[in-house]
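Since the structure comes first, as structure tokens, the remarks are kept for the end.
Keep in mind the model is a prediction, meaning the values are calculated, not measured. All chains are named by letter (A, B, ...) in the order of the sequence lines, taking the proteins before the strands, and each is independently numbered beginning at 1.
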Amino acid sequence: MAESVQSTSEAQGRYNPAEIEPKWQARWDADASLYAAEGHSGDGEARAKPKFYCLEMLPYPSGQLHMGHVRNYAIGDALARFMWMRGYNVLHPMGWDAFGLPAENAALKNDTPPAEWTLANIAAMRQQMRRMGLSYDWATEVTTCLPEYYRWNQWFFLKMYERGLAYRKKSKVNWCPQCATVLANEQVVDGRCWRHDDTLVEQRDLTQWFLRITKYADELLDGLDKMDGWPEKVRTMQRNWIGRSEGALVDFAVSESSEKIAVFTTRVDTIFGATSVQLAPEHMVAKGFAASDAALAGQIEEMLAQQKAARESGDLGAIEKHGVDTGKFAINPFNGELVPIWVANYILADYGTGAIMSVPAHDERDFEFANKYGLPVRRVIVPRDKNRQQQDQERNAGVLRSAQNDNVSVENPVEQLPYTAKDDAVLIDSGQWTGESCIEAQKKMAAFAKANGFGSATVTYRLKDWGVSRQRYWGTPIPMVYCTNGHAGTEPGGVVALPESALPVLLPAQVKITQQGGSPLGRVADFVNTACPVCGGPARRETDTMDTFVDSSWYFYRYTDAKNSAAPFDSAKANYWFPIDQYIGGVEHAILHLIYSRFWTKAMLDLGLIANDEPAARLFTQGMVIKDGAKMSKSKGNVVSPDLMIERYGADATRMYALFAAPPDRDLEWQEEGVAGISRFLARVHRLTMKYAATAKEGVGADAAAEAKLLRTLHQTIAKITADFSGRWHFNTCIAAIMILVNEVAAAEPPMDAGNISGPVIAEVFRNLTLMLAPFAPFLAAELWQALGGEGAVFRVAWPVADAELAREEEMEIPVQCNGKLVTVIKVPVGSDAATIQAAALADAKVAARMEGKNVVKTIVVPGKLVNIVVR
RNA sequence: GCGGAGGUGGCGAAAUUGGCAGACGCACUAGCUUGAGGUGCUAGCGCCGCAAGGCAUAGGGGUUCAAGUCCCCUCCUCCGCACCA
């Protein structure tokens with residue numbers, strides 16, 4: 001009986017996260033002020049503190065947190081807690097990217113309305129986040145599917161419409177048959193839907209709403225240069241996506257016709273080397289030729305069919321270049337030459353003008369194509385080298401050569417073709433521009449084309465306007481109507497913007513979700529039929545909804561003023577908090593969310609709502625969480641559930657493992673044994689601290705050396721972690737450093753309460769250990785803080801400051817090498833000079849043995865580092 | 001093909017500036033302890049070797065007293081882009 005009582009009390013004293021974590025969670029839930037940002041308006045006391053806006057990307061409420069979320073939030077939470085302890089006024093919010101297709105799919109499957117399903121998922125995930133102990137200010141929570149939020153999407157849409165930033169046009173758009181909706185270019189990956197990598201995207205001609213992101217193309221591009229707080233990888237991806245290209249448009253007239261073919265080229269300086277014009281198979285002029293040429297029409301059809309097949313098989317790159325001669329000719333406006341017009345499969349319809357001038361001598365692709373079809377290759381660019389230039393001009397004068405018989409590189413000191421350089425290269429055989437440098441010629445020739453009305457210098461972008469119409473139900477209704485009869489000055493069915501007073505346009509409830517094409521809203525008569533706000537006559541509402549990336553483009557501004565019902569947010573509040581000091585999320589949003597939200601920020605700046613021109617000063621992209629070497633996925637069956645980990649080891653151990661197993665930017669291999677290891681470590685800290693708290697705290701400090709050593713380790717640990725939070729973010733080594741400290745405390749354990757470490761010193765060690773644990777294991781830190789008699793919340797206690805004097809080593813080990821190989825390690829006082837170290841090294845017996853019978857050639861002594869004796 | 005990140009024990013990793021390679025943890029081995037259930041403690045743990053010693057950071061070359069780290073070449077993995085005129 002007595003034994004069982006004792007074992008129960010022992011069990012209670014043991015580290016039991018299942019007991020302490022819910023206890024603290026309940027207390028934190030009851031105290032709304034704990035994680036609340038102070039002074040949203042930036043007034044009062046908060047002004048005295050520097051602000052810090054710490055943000056993790058908001059999740060889609062699927063209903064389940066996954067390990068990627070856990071890792072993302074563990075990083076952000078550690079940073080937020082650290083910044084609080086450093087005395088910052090921290091904004092650390094969370095919200096829900098709550099519109100989107102999965103809710104409709106769930107509705108189809110379970111017959112649950114999307115709103116109900118989504119809100120239930122949010123409740124479940126919010127609870128998971130609380131269980132994780134994440135320090136969010138729930139008073140600022142944002143849920144994008146609620147009218148309080150999405151009415152501001154509509155408001156922004158109207159503002160953009162007023163300024164011509166939102167417009168409607170008919171064009172080829174990407175259609176995902178799985179989603180039964182249109183996608184933006186950014187949402188098409190390798191010709192497939194970003195959500196369905198087994199579903200090919202189709203092209204459809206539809207009239208859609210677009211946002212004019214291209215207006216900001218240059219700003220978006222140039223801004224990247226200054227964004228040194230963003231990973232170079234993301235900046236590079238965005239630069240490639242924007243794809244700015246400077247060149248010229250030149251019109252080639254079609255011979256014996258009034259038609260013209262505009263070509264885009266970045267190398268107008270090579271135009272005297274053009275030996276054909278190549279059209280994309282979709283080009284209008286090609287279609288025109290095909291209309292009266294059945295054979296050509298058939299070949300173009302075949303070309304398009306092949307491209308489609310290649311897209312389906314996924315290896316678009318493997319497709320061989322081929323083309324067909326249309327039999328027609330175009331006139332080179334610079335020299336009046338007739339060149340054949342071909343249709344070729346390597347010409348992209350949606351880049352530039354869908355037509356090029358082919359210059360085989362100075363372009364890899366044109367060269368390959370000309371070789372295949374025996375088209376002439378004419379050299380018009382040579383390196384800037386007088387002799388070579390002269391030699392070349394003589395050889396080339398007036399000669400058109402085919403690729404096959406041009407063996408220039410074998411016997412003649414002439415560049416291998418194609419020669420694509422433009423720096424330090426000059427023109428030959430190019431009329432009045434012969435002898436000009438390529439760079440100069442480009443400017444002069446574009447100006448010439450402009451002066452003579454057949455072209456101009458121009459800039460093209462790969463970036464296209466953002467198509468935001470979605471033929472889906474669960475999204476923000478677009479606040480536009482079509483006036484059925486048309487009032488004064490407008491067409492019947494013309495577009496009419498709703499006035500602001502008509503917002504929000506509410507998404508109707510009780511809508512039948514189907515997988516058919518066309519927005520489900522189109523089948524809701526009550527919604528569709530409305531009155532024209534201008535003439536009062538009958539009108540039809542726009543039934544498409546907005547891309548959900550609209551929601552996430554500005555949500556982080558709403559956090560600064562989440563309850564505002566008169567405006568999306570108060571500018572003064574946003575201006576206090578912005579830019580985001582640290583944004584943390586996955587790299588998969590590099591050219592989706594992260595480019596759209598930069599665009600939105602620039603548009604809001606132009607609307608006068610904010611003062612910053614970029615949303616986030618610093619961006620961190622964490623690595624993936626993998627298992628058995630592969631990304632976790634249901635199909636691979638290697639998903640590890642955060643709930644299960646928390647149940648077995650506690651939230652502290654789960655989060656801390658996510659930070660310990662790898663540096664945060666690298667991929668992390670999830671190993672459950674590792675979580676168990678962290679759990680044992682936390683149990684050890686708990687046991688040591690509780691034992692200390694329960695025993696004598698007064699010691700006599702008998703062992704000064706042991707005390708100095710412990711203090712040294714303590715202050716080295718503080719210094720390391722403090723530096724890492726503002727620098728490398730290598731939390732794995734931060735946690736390793738804490739483990740080293742704990743190992744030293746444990747080594748001192750038997751005598752520590754008996755008195756060989758004095759009371760104030762051991763108190764200092766436990767106090768600071770607890771503080772350093774707080775960002776990584778908040779539940780345990782709170783528990784220990786209380787046991788140690790700490791006042792208030794541990795997360796508001798000032799972060800410890802490292803004392804460089806206490807951290808300083810007295811003695812250090814210096815490796816001694818002979819010929820670069822380690823012989824021994826000697827101990828010398830820190831700061832010893834070279835002579836002292838050398839003397840100590842030479843006095844060592846092992847060193848002497850090594851040197852016996854040999855001559856010392858050289859001795860290298862690097863104070864504080866090593867000694868290397870070179871002998872022969 | 002182009003661009004980026006990587007390649008270090010059985011595993012996750014460390015080495016921030018060219019200066020003891022493998023900190024910290026996992027797994028494993030041995031011993032002690034505990035004893036109804038992921039317990040605690042001690043010791044060992046890169047490879048070869050009884051040892052002395054030798055070898056080792058994808059592979060090869062180079063610079064240097066000294067290279068995981070700098071330079072050149074090659075191979076492999078992952079990510080992004082991919083006929084962008």
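- Remark on RNA chain B: of its neighbouring residues A:E813 and A:N819, the 5'-side contact belongs to A:E813, judged by nearest-heavy-atom nucleotide.
- Distance from the side chain of A:V870 is smallest to B:C65 among B:C65, B:G3, B:G12.
- A:V825 comes within 4.0 angstrom of a nucleotide base, judged by non-hydrogen atoms across all strands.
- Nucleic acid contact for A:I347: base, since at least one base atom lies under 4.0 Å from a heavy atom of the residue.
- Using a 4.0 Å heavy-atom distance criterion, A:A661 is classed as a sugar-phosphate-only contact.
- As judged by a 4.0 angstrom heavy-atom cut-off over every strand, A:F681 is placed among residues making no nucleic acid contact.
- At B:C41, one or more side-chain N or O atoms of A:R684 fall inside 4.0 Å of OP1 or OP2 (strictly under the cut-off).
- For A:T733, counting side-chain heavy atoms from C-beta on, the closest listed nucleotide (B:C41, B:C83, B:A23) is B:A23.
- The base of B:C65 lies outside donor-acceptor range of the side chain of A:K858, with no N or O pair under 3.5 Å.
- Nearer the 5' end of RNA chain B, as judged by each residue's closest nucleotide, is the contact made by A:Q671, out of A:Q671 and A:D350.
- Residue A:R235 places no side-chain N or O under 4.0 Å from the OP1 or OP2 atom of B:G80.
- The nucleotide B:G80 finds its pairing partner in B:C2, both defining distances of the Watson-Crick or G-U wobble pair being shorter than 3.5 Å.
- Between A:K821 and B:C55 there is a side-chain polar atom (N or O) within less than 4.0 angstrom of OP1 or OP2.
- Salt bridge absent: A:E669 and A:K627 never bring a charged side-chain N and a carboxylate O closer than 4.0 Å.
- Comparing B:C20, B:G40, B:C65 by their nearest atom to the side chain of A:L822 picks out B:C20.
- An OP1 or OP2 oxygen of B:C81 is reached within less than 4.0 angstrom by no side-chain nitrogen or oxygen of A:R462.
- Centroid-to-centroid, the aromatic rings of A:F660 and A:F731 stay 6.0 Å apart or farther.
- The partner of B:A51, taking Watson-Crick or G-U wobble pairs whose two distances both stay under 3.5 Å, does not exist in any strand shown.
- As rounded to the nearest Å, B:C24 and B:C78 have C1' atoms that lie 26 Å from one another.
- Figure legend: cation-pi geometry between A:K321 and A:Y346, with NZ or CZ positioned under 6.0 Å from the six-membered ring centre and within 45° of its axis.
- Residue A:N868 is in base contact, counting any heavy-atom pair closer than 4.0 Å across all strands shown.
- For the C1' atom pair drawn from B:A51 and B:G7, the interatomic distance equals 35 Å after rounding to whole Å.
- A:L866 comes within 4.0 angstrom of a nucleotide base, judged by non-hydrogen atoms across all strands.
- Across all strands, A:R648 comes closer than 4.0 Å to base atoms (heavy-atom distances).
- Nucleotide B:A85: unpaired (no Watson-Crick or G-U wobble partner with both distances less than 3.5 Å).
- B:A14 and B:A21 have their C1' atoms separated by 10 Å, given to the nearest Å.
- Rounded to a whole angstrom, the distance from the C1' atom of B:A58 to that of B:U77 is 11 Å.
- B:G9 takes the syn form, because its glycosidic angle lies no more than 90° either side of 0.
- With B:A23, B:G19, B:A14 as the candidates, the nucleotide lying closest to the side chain of A:I740 is B:A23.
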Test log, rule ring-ring contact (aromatic ring centres under 6.0 Å, His included), inputs A:F252 and A:F454:
CA-CA 8 Å; A:F252 280 61; A:F454 58 78; 9.0 Å; no
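- A sub-4.0 Å separation between OP1 or OP2 of B:C83 and a side-chain N or O of A:N345 is absent.
- By the 30° and 60° cut-offs, the orientation of the rings of A:F776 relative to A:F725 is parallel.
- Distances were taken from every side-chain heavy atom of A:K720 (C-beta onward) to each of B:A15, B:C83, B:U16; the shortest belongs to B:U16.
- Nucleotides B:C71 and B:G6 have their P atoms positioned 14 Å apart, rounded to a whole Å.
- Between A:H593 and A:H589, the ring-plane angle classifies as perpendicular under the 30° and 60° cut-offs.
- Atom CD1 of A:I591 is separated from atom C1' of B:A82 by 13 Å (rounded to the nearest Å).
- Contact annotation: A:R239 side-chain N/O to B:G4 OP1/OP2 distance is not under 4.0 Å.
- For A:T214 (side chain) and A:A217 (main-chain N/O), no donor-acceptor pair under 3.5 Å exists by modelled atom type.
- The residue A:G677 sits close only to the backbone: its heavy atoms come under 4.0 Å of sugar-phosphate atoms, none of a base.
- Note on A:D269 versus A:R267: salt bridge recorded, some NZ/NE/NH1/NH2 to OD/OE distance being below 4.0 Å.
- The nearest pair of heavy atoms linking A:I646 to A:A651 is CG2-N, 3.8 Å.
- Distance from the side chain of A:Y649 is smallest to B:G38 among B:A13, B:G80, B:G38.
- Remark: B:C45 base-pairs with no nucleotide; criterion is Watson-Crick or G-U wobble with both hydrogen-bond distances under 3.5 Å.
- Within the 4.0 Å cut-off from OP1 or OP2 of B:A85, at least one side-chain nitrogen or oxygen of A:S245 is found.
- Using atom C1' as the reference point in both B:A15 and B:C81, the two lie 34 Å apart (nearest Å).
- For the pair A:R14 and B:G38, the criterion of a side-chain N or O lying under 4.0 Å from OP1 or OP2 is not met.
- Remark: B:C75 base-pairs with B:G7; criterion is Watson-Crick or G-U wobble with both hydrogen-bond distances under 3.5 Å.
- Rounded to whole Å, the P atom of B:C2 lies 15 Å from the corresponding atom of B:C83.
- If you check B:G38 for Watson-Crick or wobble pairing at under 3.5 angstrom, you find it has no partner at all.
- Backbone-only contact: A:D667 has heavy atoms under 4.0 Å from sugar-phosphate atoms and none from a base.
- Nucleotides B:U63 and B:U29 are separated by 47 Å at their P atoms, to the nearest Å.
- With both pairing distances under 3.5 Å, B:G19 is matched to B:C65 as a Watson-Crick or G-U wobble pair.
- Heavy atoms of A:N743 sit under 4.0 angstrom from primed sugar atoms or phosphate atoms, though from no base atom.
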